[in-house]
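Let me begin by presenting the structure, written as structure tokens, before commenting on it.
Owing to the predicted nature of the structure, the values given are computational and were not obtained by experimental measurement. Residue numbers start at 1 and run along the sequence shown.
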Amino acid sequence: MERSKLYQLTDEASKKLYEPVNDIESLNQWRKQMINLIDEISQLKLSSSIDLNETNNNRSLDPTDWLTARHIAHQMLDTCLESIQSVRNRPVWQPIPIEIRASIEQEPLPEHSQTLSNVCQHVLNYVFPYTRGNTHPRFWGWVMGEGTLGGILAEMMMATTNINAGGCTHSAVLIERTVIQWMRQLFGFPESNDSGIIVSGTSMASVICLATARRKFLTNVRQDGMINGPRLIIYASTEIHVCITKALELLGFGSKSMHFISVDKNFCINTDELRQTIEDDRHNGLLPFCIVGCAGTVNSGAFDNLVELASIAHKEKMWFHIDGAFGALVILDPERCHLVQGIEQADSLAFDFHKWLHCPYDAGCVLIRDGAHLSSTFSVHQSYLATTERGCAGDEPWFCDLGTELSRQFRALKVWFTLKEHGIKKLGKKIADNCQQAQYLVSLLSNYEDFIHIIRPVTLNVVNFRLEPKELDRSNDKLIDEFNNELLADIQISGIAVASTTRFCNRLYIRVCIVSHRCTFEDFDIFVAVLLKCYRLRLQSLQQFE
């Protein structure tokens with residue numbers, strides 16, 4: 001098999017030698033193709049000359065030809081850099097062709113090795129062109145950061161060191177502690193050495209925060225579980241993210257333990273209703289134990305009154321948790337940091353670095369006001385995990401005692417790298433830019449308010465709107481919903497932009513959520529022009545079938 005492949009590649013290289021080149025661009029393309037062929041040939045030629053038994057018994061998984069491997073690695077790094085530099089030249093998103101999907105899904109389990117260059121080429125052919133598109137400046141569908149060049153380098157170095165950041169004495173532990181201390185300083189939490197941890201994202205952070213709150217109220221829950229315990233009740237607005245409900249189900253509370261509170265016209269929690277519901281629940285023998293505040297709702301970017309929620313929680317002797325998945329980082333924007341006033345009074349805070357801080361996926365953060373609650377919730381000591389005063393097993397507490405994972409990747413490096421490379425002032429300026437871009441989009445859409453309805457207020461970086469053509473029956477909500485849903489698909493398939501949908505008052509709206517550090521006002525000009533073009537084409541298509 002390898003020998004026939006070798007003959008095929010050498011034949012291709014021989015033919016390519018005689019291919020004509022017409023200019024510098026075609027010469028560079030020819031050169032790249034020749035180098036790729038030579039790399040594959042060299043790897044196959046080398047592997048065919050090595051006895052397989054000797055390879056299996058005496059060799060590691062490292063390359064046998066480091067010179068070629070280095071060249072391929074540099075090529076892939078160049079490809080990654082080129083991908084970022086030229087991101088505007090590609091569609092935001094494109095459908096996966098049937099044949100590409102089949103190639104991925106129907107590939108058999110590999111029994112034998114393939115050349116490094118061959119595997120890399122498969123990534124370039126099957127993976128790179130068909131990603132979700134969130135590295136593009138016009139990806140506004142969901143709150144997904146783009147990443148940065150520094151993040152790529154940090155991820156590469158993280159994979160190279162391959163550190164388990166669960167514990168012991170090494171640089172990963174020190175870096176993570178430093179990042180946690182920076183975040184505690186940023187959000188006004190008291191200094192502590194065991195009161196935070198970096199996890200995969202706000203979904204996992206919510207599990208850890210609510211488990212910690214549960215442990216405070218049910219001190220024996222780790223031994224006894226929740227059998228025969230009081231019925232603990234959690235309160236949040238109807239705009240809360242679904243990750244809170246998932247966390248409650250996972251932790252054994254059950255989704256019925258969540259009591260939803262309505263929102264006002266600005267989509268903020270109704271605090272009068274919250275107070276009354278807490279009082280009623282106590283009267284009915286339930287135990288109100290946690291209030292969850294929103295620092296930037298996913299639907300509209302609304303902020304609950306965190307100062308008032310903290311006051312209610314303190315008075316009622318309840319745990320106060322804040323879901324700040326992306327909105328908490330508005331604290332970096334001097335013009336809008338007042339929106340998170342009161343965040344420093346939270347008992348726990350969950351947010352993401354891979355959203356508005358632009359770190360590569362994945363990186364979320366848990367901050368707990370009192371570290372004793374965190375360690376008492378997760379710490380487990382076994383003989384083979386014993387700490388020592390000297391040597392490698394020092395530096396207590398270990399991060400594996402502050403969360404669910406014993407094996408943990410070095411997520412803190414990309415966060416530390418990003419903060420050092422850009423600084424919080426520049427990162428805050430990009431947050432402010434996105435909020436200004438949201439207002440600019442509103443100004444563009446407002447020119448068409450005779451058939452575009454915008455959800456107001458637009459507080460942060462999320463714009464929701466709905467097209468209601470005069471040519472259609474506007475009283476038919478289902479028809480207008482379908483029109484907007486199909487219009488959104490038209491835009492996505494065009495490759496110009498990716499937005500998403502949500503619902504207000506049970507009506508479907510197109511949702512633009514801006515967290516890109518690459519987009520400019522011009523991107524919104526392009527988007528609105530394409531929106532209107534697709535709108536007219538869809539209307540014409542509907543009228544033809546009438």
Should we count [atom1] of [X] as having more than 12 external heavy atoms under 6.0 Å?
{"X": "His314", "atom1": "NE2", "answer": "no"}
{"X": "Ile424", "atom1": "CD1", "answer": "no"}
{"X": "Gln341", "atom1": "CD", "answer": "no"}
{"X": "Gln436", "atom1": "CD", "answer": "yes"}

In Å, rounded to the nearest 0.5 Å, how long is the span from [atom1] of [X] to [atom2] of [Y]?
{"X": "Glu239", "Y": "Ser300", "atom1": "CD", "atom2": "OG", "answer": "5.5 Å"}
{"X": "Asp347", "Y": "Ile368", "atom1": "CG", "atom2": "CD1", "answer": "8.5 Å"}
{"X": "Ser257", "Y": "Met226", "atom1": "OG", "atom2": "CE", "answer": "7.5 Å"}

Closer than 3.5 angstrom, by distance alone: can the side chain of [X] be matched with the main-chain N or O of [Y] as a donor-acceptor pair?
{"X": "Ser237", "Y": "Ile269", "answer": "no"}
{"X": "Asp401", "Y": "Pro397", "answer": "no"}
{"X": "Lys414", "Y": "Tyr361", "answer": "yes"}
{"X": "Lys430", "Y": "His517", "answer": "yes"}
{"X": "Asp352", "Y": "Phe326", "answer": "no"}

Within the 3.5 Å criterion, strictly below it, is a donor on [X] or [Y] matched to an acceptor on the partner's side chain?
{"X": "Ser348", "Y": "His321", "answer": "yes"}
{"X": "Arg511", "Y": "Thr501", "answer": "no"}
{"X": "Trp356", "Y": "Asn434", "answer": "yes"}
{"X": "Thr135", "Y": "Glu146", "answer": "no"}

Does some side-chain heavy atom of [Y] sit less than 4.5 Å from a side-chain heavy atom of [X]?
{"X": "Asn484", "Y": "Ile510", "answer": "yes"}
{"X": "Cys80", "Y": "Phe128", "answer": "yes"}
{"X": "Asn162", "Y": "Gln409", "answer": "no"}
{"X": "Ile104", "Y": "Tyr126", "answer": "yes"}

Using a strict 4.0 Å threshold on nitrogen-to-oxygen distance, state whether [X] and [Y] make a salt bridge.
{"X": "Arg275", "Y": "Glu273", "value": "no"}
{"X": "Asp333", "Y": "Lys429", "value": "no"}
{"X": "Arg411", "Y": "Glu405", "value": "yes"}
{"X": "Arg466", "Y": "Asp481", "value": "yes"}
{"X": "Glu191", "Y": "Arg184", "value": "no"}

| query | Do the ring centers of Phe353 and Phe351 come within less than 6.0 Å of each other? | reply | yes
| How about Phe527 and Trp140: are their ring centroids closer than 6.0 Å? | yes
| Does the pair Lys315 and Ile278 meet the rule for a side chain to side chain contact (heavy atoms under 4.5 Å, CB included), with working shown? | CA-CA 12 Å; Lys315 179 182 176 182; Ile278 291 172; over 6 Å; no
| said: Would you call the rings of Trp319 and His373 parallel, tilted or perpendicular, taking 30° and 60° as the class edges? | reply: perpendicular
| Would you call the rings of His259 and Tyr235 parallel, tilted or perpendicular, where under 30° means parallel and over 60° means perpendicular? | perpendicular
| query | When you look at Phe267 and Thr238, which way does the side chain to side chain contact (heavy atoms under 4.5 Å, CB included) test go after all the steps? | reply | CA-CA 9 Å; Phe267 307 106; Thr238 52; over 6 Å; no
